[in-house]
Every structure is written in C-alpha cells, then in structure tokens.
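Below: the structure, in structure tokens.
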Amino acid sequence: MGGVTFMERENPESRYPESRVLIIMTGGTICMQPSADGLVPMTGFLENAMAPRPSFNDSSTPTVKIHAYKNGTKTSLDSLRTPPSAYSRHIRYGILEFQPLLDSSSISSIGWTEIALTIKENYHLFDGFVVLHGTDSLAYTASALSFMMSDLGKPVILTGSQASIFALQSDAVDNLLGSLIIAGTFVIPEVCLFFHHTLFRGNRTTKVSASSFEAFDSPNSDPLAKVTSLGVDVNWSLVRRPTRIAEFQVTKYLDTAHVACLRIFPGIKPEMVDSVLRVPNLRGLILETFGMGNAPGGVDGSLTKVIRLAVERGIVIVNVSQCTNGFVSPLYAPGTALGRAGVVFGHDLTTEAALTKLSYLLALPNMTYPQITTQMSHSLRGEMTEMTLPSFSHPAGSIDSAVARLTSAESAFTALGYSIRNGDVRTVREILEGDEVNYQLLKRADYAGNTAVHLAAVGPEPEILRVLLTRGASVHPRNRANNTPLYLAEKMGNDECVKLLREAGAHLWEAESSAKTSDAGDLASNSFVEVDREAEPADLVSSVADVELDEGVKVEV
Ligand code: ASN
C-alpha cells in the first residue's frame with residue numbers, strides 16, 4: 001500500500017482527494033475550561049481548539065465554507081482540513097455545536113434524537129460522522145444511537161477525552177484525530193466508540209475508568225480496529241456489513257421514560273423490587289443480577305413471585321450480569337427460577353445496551369410483548385453474542401470453474417472483476433460463497449480505486465449488483481477519481497443499477513450532481529478536484545486485472 005511521505009504531508013499544495021467528516025459537538029471534558037463552578041464546556045471548538053493545531057489544520061485553504069443542515073435549515077460552516085493521512089486523503093471537516101453544550105451526565109433521549117437527526121439530515125453530504133461527547137454517559141449514547149440507526153452505511157464514531165484539549169497533558173488530540181481519520185478513510189458502517197487508540201463497537205462498550213486514558217472497554221467483544229504506528233489495523237471479520245437492500249433510517253424516539261434499571265444486592269427486599277416494578281406506567285426493567293444471572297430466591301421465593309406478577313402485568317424484565325465479562329444463563333437454580341418467572345436472559349448485553357435496546361423496542365409501534373422479548377434475546381446491531389452456526393463449506397466439486405483453484409485474494413478479485421464484466425452471475429455467487437476471505441473481496445479495489453460495486457454498476461448484469469449488496473458490499477466507497485458507483489451507473493445509463501443502488505442508500509455527491517449538468521469550468525470550482533468526467537466506464541472495467549490494495553480504504557495510490 002502506498003502512503004504519503006512526511007515531505008508530502010508538509011506540502012500545502014498537495015492535491016490529494018478530500019473526505020468529508022461532520023463533527024457534532026455535544027460537550028464533555030474535551031471542550032471544557034475551568035470556571036468558578038468547576039469545569040464547564042466552551043463553544044468555538046473549531047477556532048479555539050482545532051485551527052491552531054497543525055495536525056487538524058494544514059493551513060492551505062483557511063476559509064473554505066461547507067454546507068450542512070441544522071434543524072432542517074441549510075447552513076454554511078467554516079471548515080478545515082487535516083494534512084494528508086497515511087491513506088493519501090485529507091479529511092475536511094466542519095463542526096455543528098449543540099446548544100447548550102452538555103456535561104454528558106445530563107444527556108437524555110432528547111440529545112440522542114438530536115444527534116441521530118443531525119446525522120440523518122447530513123448523511124448525503126459527508127463520508128462519516130464524529131460525535132464529540134463527555135465520557136460519563138458515552139457508552140449509553142453509543143448504544144442508543146446504534147439502535148436508532150438502521151441500515152447505516154457510513155461510520156459514526158463517538159469520542160471524547162478524559163482531559164480537556166486545552167490541558168497540557170491530554171488524550172483529546174489522539175482521540176479526535178484517530179476518530180477523524182477512521183471516519184474519513186474506512187467504510188465501517190457502524191456506530192463506534194474510539195478511545196485510547198482503539199475502535200470499539202459502540203453498543204459493546206462500558207466506561208471502566210473514571211480517570212485513566214484507557215477509559216473504555218468492550219469486555220465481551222474484540223475491538224473493531226487498533227491504531228498503531230503503522231496505521232489503522234481494522235479487524236474486518238468483526239465489522240458488520242449490510243445484508244439487505246435498504247436505505248439508512250433513523251428512529252426518532254426512544255422510550256426511556258418507562259424503563260428502569262435495578263442492581264440486585266445481598267439482602268435486597270422483595271418489596272424494594274416491587275416498589276420499582278409498581279412505578280406508574282413502567283414498561284421495562286433491566287435487572288443487574290449476580291454472576292451468571294442469579295438473584296436471591298428467598299425461602300418462600302417471594303422475590304421471584306414479585307417478578308412473576310410484574311411479568312404478568314406486561315412488564316418486560318431483562319436479566320443482565322453485574323460482571324463486566326461473561327453472560328447470563330439459567331444454569332443455577334436461582335437463574336432458572338427467574339427464567340420460569342418470565343425474565344428474559346440478556347446473554348452478554350451490557351447494562352447500557354440492554355437499557356437502550358429495551359427503550360428502542362418499546363418505542364417501536366405495534367410491537368407485541370412476545371416480539372419485544374424475542375428481539376431482546378437476539379442481536380439487532382451486534383450488541384450481543386449469538387450462538388454461532390457451523391460455517392458452511394462448499395461440497396467438493398460444486399465449483400467447476402477455475403475460480404475454485406484461486407487461492408490468493410488478488411486472483412480472486414481479478415476473477416470477480418472478469419465475472420462481473422461478463423455478467424456471469426453464477427460465478428460471482430460462487431466466488432462470494434462461504435467464508436470471511438470472500439467478504440474481504442468486497443472491500444478490495446483495483447488500482448483505480450474501483451470496488452466490485454463500481455464494476456457491477458457499469459456491468460451488463462444488475463443481478464450481480466444485487467448479489468454484492470446482499471452480501472455486505474457498501475454503496476459508498478469512492479474511487480480514485482472520487483466517483484461513487486451510482487455516478488458511474490448514471491453516466492452509463494444503467495437504469496436498473498441506478499434504481500438498485502438508490503434503494504440501497506446510494507446518493508450522488510454535490511460535485512457529482514453538478515458534474516452531470518455543468519461544463520468543465522464549473523467543475524474546477526467545486527471541491528472534488530479529481531472528479532473524472534472523461535473516464536469511460538469501459539476503462540474502469542479494463543482496470544480490473546491489476547489489484548493490490550488494502551481492504552476498505554477508499555482511495556489508494
Ligand atoms: N463529566 C464529563 C462528561 O461526561 C467527563 C468527561 O467527559 N471526561 O461530560
């Protein structure tokens with residue numbers, strides 16, 4: 001993989017392509033400064049905290065304005081860009097600040113709705129989103145957003161810091177820079193939390209330290225990526241991928257008002273639990289139990305009885321463990337008794353994920369009690385570990401083409417490219433059948449930055465595009481000319497592919513829309529300096545034979 005050299009990074013005339021990232025600032029220590037009342041969040045983060053730092057501002061284009069939507073109104077934002085990263089891209093970003101900025105201990109579902117809607121209305125304008133947020137409730141917000149967003153196709157990365165960016169010794173710069181680079185470089189279509197060089201799935205996280213820079217962990221799930229001195233090491237086999245053709249949607253509301261959380265302790269009285277379960281209009285309770293899901297039964301089973309009666313009144317009770325690591329299961333008699341009383345086993349859900357997931361399900365219209373309990377014990381967004389099914393392998397001899405003998409990823413990608421060009425749906429299916437290695441193919445690109453989806457968008461067989469999109473391929477990567485598959489399909493007049501791509505959430509970028517209608521002079525005035533309007537789709541297809549690029553990276557040199 002080629003990367004930019006130190007000299008190139010220092011060069012303000014660099015013409016590397018830009019990714020766009022929207023930063024949504026909600027508050028937190030990262031933007032705080034001392035006041036008479038203690039640390040308080042301060043506005044003006046772009047000018048005061050980012051502009052003066054060379055790693056956030058290459059100073060080459062100080063006054064570029066970019067568009068973003070705020071509460072339905074199109075606004076113009078000041079933007080800055082980073083120097084080119086090791087992935088040969090600048091990250092151009094602007095910031096939308098919450099009013100007022102919050103200490104995250106005060107966030108509620110209103111704030112979650114505001115973040116989700118801001119991402120929704122700006123979805124088509126940015127490659128990724130970074131949400132700056134206090135650490136205290138960060139894991140709750142990450143979990144909530146993961147459920148509120150369905151069929152997400154772009155990265156949403158939450159971060160913050162343990163010390164203010166204005167402090168001499170702080171984790172703020174590393175956390176923010178890492179988030180920006182990942183959000184602008186990799187199509188990781190998940191709500192993530194980035195902290196201390198580590199990218200986690202947001203709904204698996206929990207805050208484990210009040211003061212250490214290593215403040216978060218995802219005890220039951222490996223990190224999605226790690227930042228090292230060599231770059232970003234993404235664990236692609238863990239990254240969730242689309243498996244249906246659907247556009248990005250946001251659920252606007254979580255029902256946090258009727259859900260409670262209660263930690264069991266030795267000696268807890270059944271009437272204490274009962275009084276929580278009798279809070280007017282309560283619809284759900286997260287019960288934090290001991291170990292693998294046990295609660296004191298009592299000689300007469302009175303706690304279990306209180307719980308059973310609540311379940312009969314229609315309250316959804318979910319069992320999660322007080323232990324940070326491990327899962328609940330009806331192994332011991334007390335856990336079995338809870339299960340018999342109608343408690344749902346939350347397996348290895350964190351409390352944060354259990355609470356926000358239940359609030360999400362309770363807010364969905366027309367959900368029955370059994371539907372909610374069933375969904376609580378299945379993974380919706382990778383928030384819990386599900387039993388893994390034995391992996392499917394091809395019966396020997398079922399693939400009769402030469403493809404079966406291709407072992408290296410390069411050869412397989414080449415074969416995939418040719419099959420796409422020839423409209424050979426069967427071979428494409430065969431190449432993509434089976435294990436993780438084949439998923440890697442969907443994130444590969446040829447030397448012109450074209451992924452399999454780019455190739456299928458200009459190919460003769462729309463069914464191939466459907467096959468790719470239902471096996472985890474993203475519609476969003478842009479090739480080296482900064483063009484999306486949708487742009488190429490439209491240019492080619494492939495109407496069926498255009499329709500399919502749009503149904504899967506694809507959209508044209510501003511510059512692509514104007515490139516369709518304007519002349520070359522207009523093109524120079526937009527930000528996509530490398531939009532290649534002259535490249536013929538046929539050229540794209542002929543580039544397939546040479547492949548050696550990193551998975552998931554939008555652009556390579
Ligand atoms: N109290 C702060 C907050 O959550 C803590 C932090 O951000 N480190 O807003």
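The structure displayed is predicted, hence computed values, not measured ones. In listed order, ligands and their atoms are each counted from 1. No hydrogens, no waters, no symmetry mates; every other heavy atom, side chains included, goes into these values. Throughout, numbering of the chain's residues begins at 1 and tracks the sequence.
At the top of the distance list for atom 1 (N) of ligand 1, counting protein heavy atoms only, stands Asp136 OD2, 2.8 Å. Of the protein's non-hydrogen atoms, Thr135 OG1, 2.8 Å is the one closest to atom 8 (N) of ligand 1. In this structure, atom 4 (O) of ligand 1 lies nearest to the protein heavy atom Ser104 OG, 2.5 Å.
For residues 187-213, the set of pairs meeting the ring pair (Phe, Tyr, Trp, His ring centres under 6.0 Å) definition, not counting sequence neighbours, comprises Phe195-Phe216.
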Could you pull out all donor-acceptor pairs under 3.5 Å where a side-chain atom in residues 270-278 meets a protein atom, sequence neighbours excluded?
{"from": "Asp274", "atom 1": "OD1", "to": "Arg278", "atom 2": "NE", "distance (Å)": "3.3"}
{"from": "Asp274", "atom 1": "OD2", "to": "Arg278", "atom 2": "NE", "distance (Å)": "3.1"}
{"from": "Ser275", "atom 1": "OG", "to": "Glu271", "atom 2": "O", "distance (Å)": "3.4"}
{"from": "Ser275", "atom 1": "OG", "to": "Met272", "atom 2": "O", "distance (Å)": "2.8"}

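Short contacts between ligand 1 and Thr29, defined as distances under 4.0 Å to a heavy atom of the residue, involve ligand atoms 2 (C), 5 (C), 6 (C), 7 (O), 8 (N). With ligand atoms numbered from 1 in the order given, ligand 1 contributes 1 (N), 2 (C), 3 (C), 4 (O), 9 (O) to contacts under 4.0 Å with heavy atoms of Asp103.
Both cation-pi conditions hold for Lys154 and Tyr123: the charged atom is under 6.0 angstrom from the six-membered ring centre and inside a 45 degree cone around its axis.
Applying the 6.0 Å contact sphere to NZ of Lys269 captures no more than 12 heavy atoms from other residues, nucleotides or ligands. By the 6.0 Å contact criterion, OH on Tyr253 is enclosed, its count of non-hydrogen atoms from other residues, nucleotides or ligands being greater than 12.
A salt bridge links Asp58 with Arg81: the closest approach of a Lys/Arg side-chain nitrogen to an acidic carboxylate oxygen falls below 4.0 angstrom.
Residue contacts with ligand 1: Ser137 is placed with no nitrogen or oxygen under 3.5 Å of a nitrogen or oxygen of the ligand (distance criterion only).
No heavy atom of Ala215 sits closer than 4.0 Å to any atom of ligand 1.
Residue-level proximity to ligand 1 for Ser161 is carried by the backbone, the only part with a heavy atom below 4.0 angstrom.
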